[in-house]
2 protein chains.
Amino acid sequence: MAARTPPGQTRRQVLRFMRERLIAGRPPTVREVQEAFKFRSVQSAREHLEILVEEGKLTKEPGVSRGYRLPEASLVPPSVPVPLLGQVQAGALTEAIEDPDGGYIGVQRGGSNDELFALKVTGESMIDAGILPGDVVIVRCQPTADSGDIVVALVDGEATVKLLKKNRRRVELHPANPAFEPIVPATGDLSLLGKVIEVRRYLGK
Amino acid sequence: MAARTPPGQTRRQVLRFMRERLIAGRPPTVREVQEAFKFRSVQSAREHLEILVEEGKLTKEPGVSRGYRLPEASLVPPSVPVPLLGQVQAGALTEAIEDPDGGYIGVQRGGSNDELFALKVTGESMIDAGILPGDVVIVRCQPTADSGDIVVALVDGEATVKLLKKNRRRVELHPANPAFEPIVPATGDLSLLGKVIEVRRYLGK
DNA sequence: TTGCATACCATACAAATGTCTGGTAATCAA
DNA sequence: TTGATTACCAGACATTTGTATGGTATGCAA
């Protein structure tokens with residue numbers, strides 16, 4: 001017999017394993033759970049799973065293979081892959097999205113089927129808005145935005161993050177850093193890439 | 001025999017069906033495909049699926065049940081569900097993780113199988129570190145941390161985010177805001193919950 | 001016509017997988 | 001002690017499911 005573990009401990013790990021697999025879209029078989037935990041009997045895995053179902057942590061469709069599911073309550077909103085871009089040159093946005101140099105990151109978008117991309121921020125111009133160099137902003141492509149939105153726009157052929165301000169027929173791009181000057185593009189000469197809907201910072205492991 | 005459809009037409013529908021099911025995390029069996037398309041033979045479904053694999057539209061793991069996959073799936077790093085906590089009282093961490101009031105968010109962790117949780121930040125004590133009220137920090141549970149790490153610790157029975165500083169046999173929790181005072185817990189009296197590995201800010205739609 | 005390809009069908013078999021029955025050992029409380 | 005509970009094991013069985021073999025009908029092109 002394998003080592004006996006404290007009550008509930010193994011079961012928590014099993015739940016964890018199930019969540020990972022189910023989120024990844026690859027529901028495991030009972031025997032795959034057995035394998036993962038080195039049980040010598042299928043039944044051991046099955047018992048943990050059935051108990052998790054009783055506890056409401058999982059649901060299942062009896063009789064069907066790979067039939068365990070996450071209950072509605074703990075449903076994680078599905079995340080979509082979003083291309084992570086490094087530097088964006090003018091006009092090269094579409095190509096950059098097609099073949100991102102930073103790979104993809106998972107973003108939970110709010111239902112709509114919009115075009116998203118992610119951008120690594122350089123420079124300190126938005127530091128007072130809590131956006132530091134190295135942060136990743138997630139951007140929804142849209143041709144316009146409201147005053148007060150944080151947006152990504154092409155300035156001098158480079159994508160930059162700024163605060164959008166509109167006052168009577170003037171559009172301005174404000175940095176959130178007193179050391180920088182606002183940018184006032186000529187009327188109608190603003191190429192807005194989209195609006196920032198999320199900011200992420202990855203700290204060292 | 002069922003009605004004969006133009007070449008490739010049914011197959012396109014099958015691919016669509018597969019995409020839907022696979023994205024939903026519920027890969028179908030060959031017979032479920034048969035059912036969905038009212039084929040009177042399993043083989044009809046199987047032939048469509050195998051051809052889609054040959055065309056590169058799908059991949060599959062031979063021999064395993066529900067073994068068809070989306071080829072792009074390999075590009076997207078898998079994300080794990082992480083419980084999102086609101087307020088954490090002393091000692092109630094484990095229970096809070098078991099039954100999070102904020103649901104779950106998807107996090108791509110760097111391979112290790114660690115315990116993670118997410119915490120909504122209140123207060124402005126870390127504003128100079130780019131962590132604003134309402135931000136979500138993702139925390140890896142660990143009993144110790146290095147000097148300079150941003151950590152979550154229990155202070156006065158509440159979970160708070162602070163900068164950890166160690167100098168000769170003293171451990172201090174520093175806010176990143178000049179309006180707040182550093183916290184110097186009595187030696188050995190620091191209950192460290194974990195280290196912040198990611199910061200997220202969700203901006204309005 | 002012939003030959004070939006496509007779409008679909010019928011049936012069988014074997015492997016994968018869910019499920020069941022009964023058992024051992026450890027822990028805890030009465 | 002006794003009994004109850006938990007964690008795990010062993011082996012079997014039944015269903016689900018992947019796979020194979022061969023067949024029918026339609027359309028198309030040489």
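Following rounding to the nearest Å, B:L52 (CG) and C:dA7 (C1') show an atom-to-atom distance of 14 Å. Counting to the nearest Å, the C1' atom of D:dC9 and the NZ atom of A:K38 are 17 Å from each other. If you take CD of B:E35 and C1' of C:dC8, they are 16 Å apart, rounded to a whole angstrom. Distance B:Q34 CD to C:dC8 P: 12 Å, rounded to the nearest Å. Going from atom CD of A:E54 over to atom C1' of D:dT6 covers 13 Å, rounded to whole Å.
If B:R31 and A:I51 are placed on DNA chain D by their nearest nucleotide, the residue sitting closer to the 5' end is A:I51. Residue whose closest nucleotide on DNA chain C sits further toward the 5' end, between B:V64 and B:S44: B:S44. With the nearest nucleotide of DNA chain C identified for both A:E47 and B:G63, B:G63 has the one nearer the 5' end. Along DNA chain D, the nucleotide nearest to B:R66 and the one nearest to A:S41 differ in position, and the one closer to the 5' end is contacted by A:S41.
Taking the side chain of A:R46 as heavy atoms from C-beta on, and the options C:dG18, D:dC8, C:dT17, the nearest nucleotide is C:dG18.
For D:dT19, one of the phosphate oxygens OP1 or OP2 lies less than 4.0 angstrom from a side-chain nitrogen or oxygen of B:K60. In this model, the phosphate group of D:dT6 is not approached by any side-chain N or O of A:H48 to a distance below 4.0 Å at OP1 or OP2. OP1 and OP2 of C:dT11 both lie 4.0 Å or more from every side-chain N or O belonging to B:R40.
The shortest heavy-atom contact between A:A145 and A:V151 is CB-CG1, 3.7 Å.
Between the side chain of A:Q43 and the base of D:dC8 there is no donor-acceptor pair of N/O atoms closer than 3.5 Å.
Only one option out of B:V139, B:I105, B:I197 pairs with B:L116 in a side chain to side chain contact (heavy atoms under 4.5 Å, CB included); it is B:I197.
Nucleic acid contact for A:S65: sugar-phosphate only, since backbone atoms but no base atoms lie under 4.0 Å from a heavy atom of the residue.
Looking only at atom types and distance, the side chain of A:R66 has no donor-acceptor partner in the side chain of A:Y68 under 3.5 Å away.
Aromatic ring centroids of A:F39 and A:H48 lie under 6.0 Å apart.
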